[in-house]
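The structure appears below as structure tokens.
To find a chain, count down the sequence lines: A is the first, B the second, and so on, and within it residues start at 1.
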Amino acid sequence: MENRLTEQEIVRREKAQELAQKGLDPFGSRFDRTHNTDTFKADFSQYTKDELHEMSQPPLVKVAGRIMTKRVKGKAGFAHIQDQYGRIQIYVRQDLVGDDAYEIFDKGDLGDIVGVEGHPMITNTGELSIKVVNYTHLVKALRPLPDKFHGLVDVEERYRRRYVDLIMNEDSKKTLILRSKIISSMRRYLDNLGYLEVETPVLHPILGGANARPFVTHHNTLDMPFYLRIAPELYLKRLIVGGLDCVYEIGRLFRNEGMDPTHNPEFTTIELYLAYSDLAGMMDLCENVIINIAEETLGKTLIQFGEKEINLAKGWRRAHMVDLIFEETGINFFEIHDFETAKQLALDHHLKVEPHLYGFGHIVNLFFEHYCEEKIIQPTFVYGHPIEVSPLTKKDPKDPRFTQRFELFIDTREYANAYTELNDPIDQLERFENQLKEKALGNDEANEMDIDFVESLEYGMPPTGGIGIGIDRLVMLLTNSASIRDVLLFPHMKNRGKL
RNA sequence: GACCCGCUAGCUCAGUCGGUAGAGCAUUUGACUUUUAAUCAAAGGGUCAGGCGUUCAAGUCGCCUGCGGGUCACCA
């Protein structure tokens, strides 16, 4: 049933039994610390070696952590113990801790968790350390840690055993802690502006709010199928109808689609709605919130991302999709008004026109995706999406072929998607009907009809601006991570075959 | 889904032209009371991802399978 134990695992199990025979719990209990490695350094790094040495009543501290290095030299030894904040060196002398405790230290393994009580000191080589007077074994590690110098390198192992990755690799820990700080910074910023954080259902009876293939599940008592949500949009807008004028939700979305360095089947977004605002309001908000996060968590807005330098400083470019296409191809879609002409242009440019691309706007979108996306490096709000690809967006009153929508692009990738929300229930009903038409033509990602949502709009939804921001990608950008898996604590992996 | 790359000791990696499987860290034993990738001496540890084939002989060559990484396609 179990894999055969390695020599090292057998030795460690034996050591655990030896501890038990001495009356010590190999997997011990509570240890009340006075300091962590960070507060210890903060409290004592101001002193010199001599000042610490000559204190008549030196402070007594208690710190706990995992043994990461160990250098025993006969009747004394050094080790580094590690907690969430870092490492601290401990100095253990037989004459200070006693023979029994010293033997336990001597037989301790890398990976074991210990608690120490002692005095701050500085070694001859100048390292702030703890001179231990009480040494407490807390937890035996039955498996050895990876190479103390190289850490855990194997990418697959780092994702599958994230706990080992977190123990061994400072960079992974930093990235994942920064993720937490980014999200709390975003939340704090919006809360200070008076936004209300809400939670809407993850189980959706109707597919809507985005175009994506869903996960399908089933509820036993109700005996009905549910989708895991692909977007919270339609629920949040019902809240706007209900009079909650500024709301946001940070949460997980699920899309049953391909996986690659920027796509995970479950991912985190924020969606936000502000009554009486519009597209321009969302641009300002988006720019401000991201800049604020960068300043709060990184202390700068000029950041390195892979080979490129990204400037997040205020004043992001705002460009109409049609203008960007003109820049790249010389084609002015403002002057083209019929589908056949547009389609012919696409065919002339060797673009593949799928059967469900039946409208002028589909062709515009096709040109943008093919010619423009990959050219955008610095933060750019691309606005004016065609109506055909924006089923929930208000039309541009000046040119109803386009909508009041923008996407934020940075380094060729989409980071945010925002609308002046469609609040005309009659128009919304037509859009849903068009989506049904697409579904019939083979687009299995088209929205389903949500009559209750249409009815909610019939009660009147204020003019509203809404935005969604992909948080995983934002974290990737701010942590200079190449893969979404580096910013997820536990990325999904295929089950391993039998070992 | 297609193509490319990877998988050798607990970890990090070598392994030549196909000819008895190697190192460092870790482990065990011994020495060592300010070391820090501690040092020194000795020892143990392997289903070379799994399978099939070619061959006198396969970690090495070929094919299949699994898992991972990357690129492309699909997909917002």
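Dashed line: the shortest gap from a side-chain N or O of A:Lys73 to OP1 or OP2 of B:U35 is not under 4.0 Å. Distances shorter than 4.0 Å separate none of the side-chain N or O atoms of A:Arg71 from OP1 or OP2 on B:U35. Dashed line: the shortest gap from a side-chain N or O of A:Arg255 to OP1 or OP2 of B:C75 is not under 4.0 Å. Dashed line: the shortest gap from a side-chain N or O of A:Lys70 to OP1 or OP2 of B:C25 is not under 4.0 Å. Proximity of A:Lys15 to the phosphate of B:U28: a side-chain N or O atom is located under 4.0 Å from OP1 or OP2.
Within the nucleic acid shown, A:Glu157 has no heavy atom closer than 4.0 Å to any nucleic acid atom. Among the atoms of the strands shown, base atoms are found under 4.0 Å from some heavy atom of A:Glu127. Using a 4.0 Å heavy-atom criterion, one finds that A:Asn365 contacts the bases of the nucleic acid, with or without backbone contacts as well. Across all strands, A:Glu7 comes closer than 4.0 Å to base atoms (heavy-atom distances). Counting non-hydrogen atoms under 4.0 angstrom, A:Ala79 reaches nothing in the nucleic acid. Looking at heavy-atom distances under 4.0 Å, A:Asp109 makes contact with sugar-phosphate atoms alone, never a base. A:Met168 comes within 4.0 angstrom of nothing in the nucleic acid, heavy atoms only.
Shown here are the side-chain hydrogen bond (donor to acceptor under 3.5 Å, both in side chains) partners of A:Lys308, two or more places apart in sequence or in another chain: A:Asp411. Under the rule for a salt bridge (Lys or Arg N to Asp or Glu O under 4.0 Å), A:Asp83 has no partner lying at least two apart in sequence or in another chain. Applying the ring-ring contact (aromatic ring centres under 6.0 Å, His included) criterion to A:Phe78, with sequence neighbours excluded, gives A:Tyr91.
Checking B:U60 for Watson-Crick or G-U wobble geometry (two distances, each under 3.5 Å) identifies no partner in any strand. Checking B:A73 for Watson-Crick or G-U wobble geometry (two distances, each under 3.5 Å) identifies no partner in any strand. The partner of B:A14 cannot be assigned: no Watson-Crick or G-U wobble pair with both contacts below 3.5 Å exists in any strand. Using the Watson-Crick or G-U wobble rule with both distances under 3.5 Å, B:C67 pairs with B:G6.
The side chain of A:Ser483 approaches B:G70 more closely than any other nucleotide in the set B:G10, B:G70, B:U35. Each of B:G10, B:G68, B:C11 was ranked by its minimum atom distance to the side chain of A:Glu156; first place goes to B:G68. For A:Val11, taking side-chain heavy atoms from C-beta onward, the closest of the listed nucleotides B:C67, B:U27, B:U33 is B:U27.
Every pair passing salt bridge (charged side-chain N to carboxylate O under 4.0 Å, His left out) that includes a residue from residues 358-385 of chain A is listed here, sequence neighbours excluded: A:Glu328-A:Lys375.
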Pairs: protein N or O with nucleotides 40-42 of chain B N or O, under 3.5 Å:
none

Restricting to nitrogen or oxygen on both sides, can you table the protein-nucleotides 71-74 of chain B pairs closer than 3.5 Å?
none

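When each of A:Tyr235, A:Phe254, A:Phe453 is paired with A:His204, the ring-ring contact (aromatic ring centres under 6.0 Å, His included) condition holds for A:Tyr235 and for no other. Just one residue in the list A:Lys15, A:Arg13, A:Glu18 forms a side chain to side chain contact (heavy atoms under 4.5 Å, CB included) with A:Lys140, and that residue is A:Lys15.
Judged by distance alone, with hydrogens and angles left aside, the side-chain atoms of A:Arg66 form no donor-acceptor pair with the main-chain N or O of A:Leu110 at under 3.5 Å.
Protein atom NZ of A:Lys148 is 19 Å distant from nucleotide atom P of B:G10, rounded to whole Å. The nearest whole Å value for the distance from the CD atom in A:Glu257 to the P atom in B:G1 is 16 Å. Rounded to whole Å, the distance from CG on A:Leu128 to C1' on B:U35 is 15 Å.
A donor-acceptor contact under 3.5 Å is formed by the side chain of A:Asp147 with the base of B:G24. Counting atom types as modelled, A:Gln89 pairs a side-chain N or O with a base atom of B:U35 as donor and acceptor under 3.5 Å.
Here the straight-line distance linking atom CZ of A:Arg87 with atom NE2 of A:His80 works out to 7.5 Å at 0.5 Å rounding.
At a threshold of 4.0 Å, the pair A:Glu127-A:Lys49 does not count as salt-bridged, since none of the basic side-chain nitrogens sits closer than that to a carboxylate oxygen.
Checked against a 6.0 Å centroid threshold, the rings of A:Phe381 and A:Phe406 count as neighbours.
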